[in-house]
Amino acid sequence: MRSNIVSEAGLPTRFKQWWEGIPFLTSVVVAVCSVIYLVCLLSGYDSFVEVCFLPSAVISKFQVYRVFTSIFFHGSLLHLVFNMLALVPLGSELERVMGSIRLFYMIVLLATSSAIFHLLITLIAAFNPIHSYYDFMNECAIGFSGVLFSMIVIETSLSGVQSRSVFGLFNIPAKLYPWMLLVLFQLLMTNISLLGHLCGILSGFAYTYGLFNFIIPGSSFFAGIESASWLSTCVRRPKYIMCTGGDSSGYIPTYSMRNTTSSESLSGNMWTNLSSWMPRREVSPQSTEENNRFPGRGRTLGATHTETGPVNGSDMSLQARLLESGNSPVLPSSQEPLSAGQPRNNRSVPSDEEIQKLIAMGFDKTQVEVAIAAADGDLNVAVEILMTQQVYLWVLGVPVYALM
């Protein structure tokens with residue numbers, strides 16, 4: 001009885017934690033789409049003729065509102081759930097990178113550009129001299145999946161991965177991932193808008209290739225919007241992510257003009273407009289000061305050179321030097337880096353017999369060599385390091401073989 005109460009109480013708590021972890025704009029889109037579907041379900045509205053993206057109505061009656069109303073309506077519960085479950089991870093990742101207001105601008109831009117591609121392909125299919133195909137003109141499309149396909153393209157470019165897994169069955173090159181999803185969804189599901197998904201992919205690639213840079217404002221534009229009083233209620237929300245400026249080390253990858261110089265003009269270039277979309281984390285001056293509790297400096301994995309800070313001679317300093325040793329030589333902390341050919345230290349190099357004695361004590365050979373290097377050849381200090389490591393691993397419950 002008690003376990004049932006805990007399970008029933010845990011489900012709302014877990015849902016609340018999951019919902020609170022979703023950024024502001026992504027959660028707003030999920031909520032709006034869900035509420036609209038619920039209202040349609042309760043009112044019995046299921047035709048969607050007035051709100052869907054209908055090329056013939058957009059062209060003949062200039063009903064451009066359909067570009068935006070169509071993406072928030074869904075035809076079934078499965079349609080809604082599938083799209084929203086795909087939106088949460090994609091939208092959350094992009095919103096944390098771009099900021100809430102920039103993601104909103106991107107959604108509007110992707111929906112608009114996808115609709116333009118949709119109209120162009122429809123017109124070409126209907127009025128080409130070779131073979132006219134008018135069915136696209138009367139195709140009524142709804143759902144957020146077109147924007148989702150654009151997000152998939154952008155997120156794949158942003159992640160920089162070389163391959164993607166398709167439903168955990170097999171891997172394909174990352175550039176082909178959206179196209180594979182397009183084919184699979186078209187084959188496995190009915191009433192799927194091929195043209196809507198295709199135009200979403202084209203819009204996403206146009207975005208990553210920098211074709212929309214001339215209409216992407218700079219960071220000052222979004223900062224001005226966030227400082228407006230009418231948006232203050234949203235900005236003060238805990239899940240809202242501010243657009244705090246650009247960081248040249250983090251930008252959405254594109255395939256052209258990566259090394260151009262910065263400019264804050266509206267037309268701008270790709271480097272400015274895309275690199276400025278990364279929120280900048282302010283670093284306090286205190287964080288750059290030396291902290292005696294954590295001696296040594298961080299080192300990039302795989303680096304060929306290591307820098308060490310002042311060492312106090314304590315066990316913690318020895319541990320820090322051990323962690324910094326890696327595959328690169330460890331410099332004595334009390335000396336300047338040695339030039340080529342200069343003796344590294346005055347200590348004698350341990351013999352193979354002494355190393356074998358340490359190995360016979362139960363220590364791994366690699367750990368022994370690293371410990372000796374960190375101790376500058378002092379066997380007593382090396383044993384102290386090895387013993388301290390064993391104690392740490394035993395306390396943490398980490399098997400030694402797990403670190404090999």
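Keep in mind that the numbers below use all heavy atoms, side chains included, and drop hydrogens, waters and symmetry copies. What you see is a predicted model, and the numbers here were worked out from it, not measured in a lab. In this chain, residues are counted from 1 in sequence order.
With a 4.5 Å cut-off on side-chain heavy atoms, Met151 and Met106 count as touching. You'll find the side chain of Ile225 reaches within 4.5 Å of the side chain of Trp230, heavy atoms only. A 4.5 Å side-chain heavy-atom check between Leu123 and Ile59 finds at least one atom pair inside the cut-off. Between Phe73 and Cys52 there is no side-chain heavy-atom pair separated by less than 4.5 Å.
A donor and an acceptor atom, one from each side chain of Ser114 and Ser203, are nowhere located under 3.5 Å apart.
Note: Ile71 CD1 to Leu148 CG = 10.0 Å, rounded to the nearest 0.5 Å. Annotation: the span from Thr26 atom OG1 to Leu94 atom CG amounts to 8.0 Å, rounded to 0.5 Å. Rounding to the nearest 0.5 Å places CD1 of Ile172 at 10.0 Å from CZ of Arg164. Between the OH atom of Tyr240 and the CD1 atom of Ile101 there is a distance of 5.0 Å, given to the nearest 0.5 Å. Rounding to the nearest 0.5 Å places OG1 of Thr13 at 12.0 Å from CZ of Phe15.
Taking the ring centre of Phe24 as origin, the terminal cationic atom of Arg237 falls outside the region bounded by 6.0 Å and 45° from the ring axis.
Shown here is Asn191, whose CG atom has no more than 12 heavy atoms of other residues, nucleotides or ligands within 6.0 Å. Within a 6.0 Å radius of CZ in Phe62, other residues, nucleotides and ligands contribute 12 heavy atoms or fewer. The local environment of CG in Leu169 is crowded, with over 12 non-hydrogen atoms from other residues, nucleotides or ligands closer than 6.0 Å.
Residues Phe117 and Phe205 place their aromatic rings such that the two centres sit no closer than 6.0 Å. The distance between the ring centers of His74 and Tyr37 does not fall below 6.0 angstrom.
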